[in-house]
Amino acid sequence: MTDLEQAEKVEQAVDPGALFTAFLKISLCGVGGGTGIVWARRVAVENRRWITDGEFTDIISLCQFMPGPNIIGIAVCVGAKMRGAIGAIAALCGFLVIPWTVGLSLGLLYLQYANLIALRNILGGIATSAAGLLIATGVRLLKPHHHRPASLLFATLAFSLITLGKLPLFAVLFSLVPLSILVAGIENARAR
Amino acid sequence: MIGSSAPLSLTVHLAWVSSISFGGFPTVLPDVRNFVVGTNRWMTNQEFANLFAMAQSIPGPNMILMMSLVGWKVWGFPGALASAFATLGPPCAMYFTAYRLWDRFRAAPWQRVLRVGLAPVVVGLVIASGTVMAHTADNSWQAVAVTIATAAITLVTRLNPMWMLLAGGILGGLEFLE
């Protein structure tokens, strides 16, 4: 059996229900804002092995260039990869329906207590850990690229322009990406 | 004052901004704030800020929830539902189409070049957003230590991240991070 056939077999085995539960889990775990990507990687790459780290980075790249909440894009793309349109809808529903209902009710309740200091301290502490998780996920995604100097250079540039240069995301994407692709293109032409 | 055309105008506005929210929904939040608080006076600045703080702290699709709560404020449950669909509909259609196209040309050499070029920039951005978040959240050396410890533990072990979020929440609640 070739790799391709094997890959197809695995993809056929994933049923929409599994996509629904996986994304329900990702959604419920994503406390603290911005950690959705941490859980999406843990579930889809590490636990279920539906996609590789490389494919995961691909999907985030694609989502960066689209409008909207990126994490929704991850659900749509992983679902579409595993099971086409039905998969995308299943993943999306898992990600949204129950959490939306629960969240809306909680939200309406929460609003009354938004000024509570203890609550704010707890949320602040969660945000502190969440930041560490996000950094670690980024470092993990960088690992497959560590032997290519240009990759390290562009990752460092993107990081510095945002954190030190304080440039808007849009500016960083549209200045660095063409350059980075150009370098990859030149390397590719030379290798042939 | 909330007029009878308010639900429709909010829905249309959300569908529009979600179609142009490149880089994630937070990038258009200032615009939504101007529309909801400034132009239409559907809620106060403080109410909007509270909605944001809350949306950041509960699990699930934060920005969609936040917009649903704005919709709720304007038109009750139907408003919440309409806002949710307006916020996620247009981007979902685009994600799906884009992924289909990307997948179709998976084997093409130009796509390999694109992939090699895109990946490092995007990974750099992920690490940067973690750092920016730490910058906003960490107001003391204890908090910085917690962020660094969390990152280190995540890289070295396979411990479930939930434990670290829990630990962060407890330390914060006990005021160790002041």
Side-chain angles (χ1 to χ4, degrees), chain A residues 27-28 30-34 38 57-58 60-62 64 66-70 72-73 76-77 80 88 96 99 103-104 106-107 110-111 114 121-129 131-136 138-139 141-142 145 151 154-155 158-159 162-163 169-170 176-177 180-181 184-185 188, chain B residues 18-25 50 54 56-63 65 68-69 80 88 91-92 94-96 98-99 102 113-128 130-131 133-134 137-138 143 146-147 150-151 154-155 161 164-165 168-169 171-173 175 177:
Chain A
S27 178
L28 290 179
V31 205
V38 174
T57 308
D58 262 13
I60 317 175
S61 310
L62 205 63
Q64 288 281 358
M66 302 272 136
N70 290 346
I72 297 286
V76 171
C77 294
L96 290 176
L104 193 70
L106 269 181
Y110 251 45
L111 280 182
N121 285 338
I122 295 175
L123 299 179
I126 292 177
T128 297
S129 305
L133 290 179
L134 205 54
I135 293 170
V139 174
L141 291 175
L142 188 61
H145 305 276
S151 288
F154 280 107
F159 172 81
I162 293 272
T163 53
L169 179 74
F170 217 60
L176 282 187
V177 164
S180 179
I181 290 173
N188 191 49
Chain B
S18 78
S19 312
I20 55 160
S21 59
F22 293 94
F25 204 79
N50 284 350
M54 191 220 65
Q56 292 288 46
S57 61
I58 51 181
N62 316 35
M63 285 300 122
L65 267 176
S68 305
L69 288 163
L88 78 97
C92 279
M94 290 189 222
Y95 286 133
F96 189 74
Y99 186 75
W102 178 261
V113 171
L114 277 188
R115 202 178 292 150
V116 173
L118 273 170
V121 177
V122 168
V123 170
L125 290 176
V126 172
I127 304 177
T131 313
M133 218 171 116
D138 298 356
V146 169
T147 301
T150 306
T154 310
L155 283 173
M164 285 169 286
L165 291 174
L171 288 173
E175 303 188 7
L177 306 177

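Lettering of chains follows the sequences in order, A, B, ..., and the numbering in each one begins at 1.
- Here B:V121 is the residue among B:V121, B:L114, B:V126 with the most heavy-atom pairs under 4.5 Å with chain A.
- Considering only heavy-atom pairs separated by less than 4.5 Å from chain A, the leading option among B:C92, B:A143, B:A80, B:G168 is B:G168.
- By number of non-hydrogen pairs under 4.5 angstrom with chain B, the leading residue of A:D58, A:L141, A:L142 is A:D58.
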Please step through side-chain contact (heavy atoms from CB on, under 4.5 Å) for the pair B:Y99 and A:V76, ending with a clear verdict.
CA-CA 9 Å; B:Y99 186 75; A:V76 171; 6.0 Å; no
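- Looking only at heavy-atom pairs under 4.5 Å with chain A, the residue among B:V146, B:L171, B:T131, B:D138 that has the most is B:T131.
- Using a 4.5 Å cut-off on side-chain heavy atoms (C-beta onward), A:L96 and A:S27 make no contact.
- In this structure, chain A has a heavy atom under 4.5 Å from the side chain of B:L177, while its backbone stays farther away.
- For a residue to count as touching a neighbouring chain, one of its non-hydrogen atoms must lie under 4.5 Å from one of that chain's; by this rule A:A88 touches chain B with the side chain only.
- The heavy-atom pair separating B:G172 from A:N121 by the smallest distance is O-CB, 3.1 Å.
- Looking at A:L62, the atoms closer than 4.5 Å to chain B (heavy atoms on both sides) all sit in the side chain, from C-beta outward.
- B:L88 touches chain A through its side chain: at least one heavy atom from C-beta onward sits under 4.5 Å away, while N, CA, C and O do not.
- Heavy-atom pairs under 4.5 Å with chain A peak, among B:G169, B:A134, B:G173, at B:G169.
- If you take OG on B:S18 and CE on B:M94, they are separated by 7.0 Å, rounding to the nearest 0.5 Å.
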Worked check of side-chain contact (heavy atoms from CB on, under 4.5 Å) between A:T128 and B:T150:
CA-CA 9 Å; A:T128 297; B:T150 306; over 6 Å; no
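- Between B:T154 and B:P161 the shortest side-chain heavy-atom distance does not fall below 4.5 Å.
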A:T163 and B:I127: side-chain contact (heavy atoms from CB on, under 4.5 Å), yes or no, with the steps?
CA-CA 10 Å; A:T163 53; B:I127 304 177; over 6 Å; no
